[in-house]
*Asks:* 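So that we are looking at the same thing, I have put the structure below in structure tokens.
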Amino acid sequence: MGLGGCIILIAVGAILTFATDWHMQGVNLDLVGVILMIVGLIGVTTFSRIARRRRVMVPPASTVVETDRHHHHRDGYGDGYGV
């Protein structure tokens, strides 16, 4: 479950707890909402810890200039072959 799923759990839990007046036989919607909010918060903290651990500090790349002093371009005409 990603960060978006955790935020959705928190939002649905808050709606069930604070914004509804439904009464269902055998189901306490306030308790279900609180449980969803707690699970969402646990998910957000777990996701943020994993994401923080994945961040790797990469040192800035240094510029490397390579010069090829011994490169001779042979096109087949100036080296005595193919004349």
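Only a predicted model underlies this, so the values are computations on that prediction, with no experimental measurement involved. No hydrogens, no waters, no symmetry mates; every other heavy atom, side chains included, goes into these values.
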*Asks:* Linking I/L/V/M/F/W/Y whenever any side-chain heavy atoms sit under 4.5 Å apart, do Ile15 and Ile10 land together?
*Replies:* no

*Asks:* For Ile8, enumerate each residue passing the side chain to side chain contact (heavy atoms under 4.5 Å, CB included) test, keeping only those at least two apart in sequence or located in another chain.
*Replies:* Val12

*Asks:* Side-chain polar contacts of residues 31-46 - donor-acceptor pairs under 3.5 angstrom, sequence neighbours left out - could you list them?
*Replies:*
from  : atom 1 : to    : atom 2 : distance (Å)
Thr45 : OG1    : Leu41 : O      : 3.2
Thr45 : OG1    : Ile42 : O      : 2.9
Thr46 : OG1    : Ile42 : O      : 2.8

*Asks:* How long is the span from the CG atom in Leu3 to the CD1 atom in Ile50, to the nearest 0.5 Å?
*Replies:* 11.5 Å

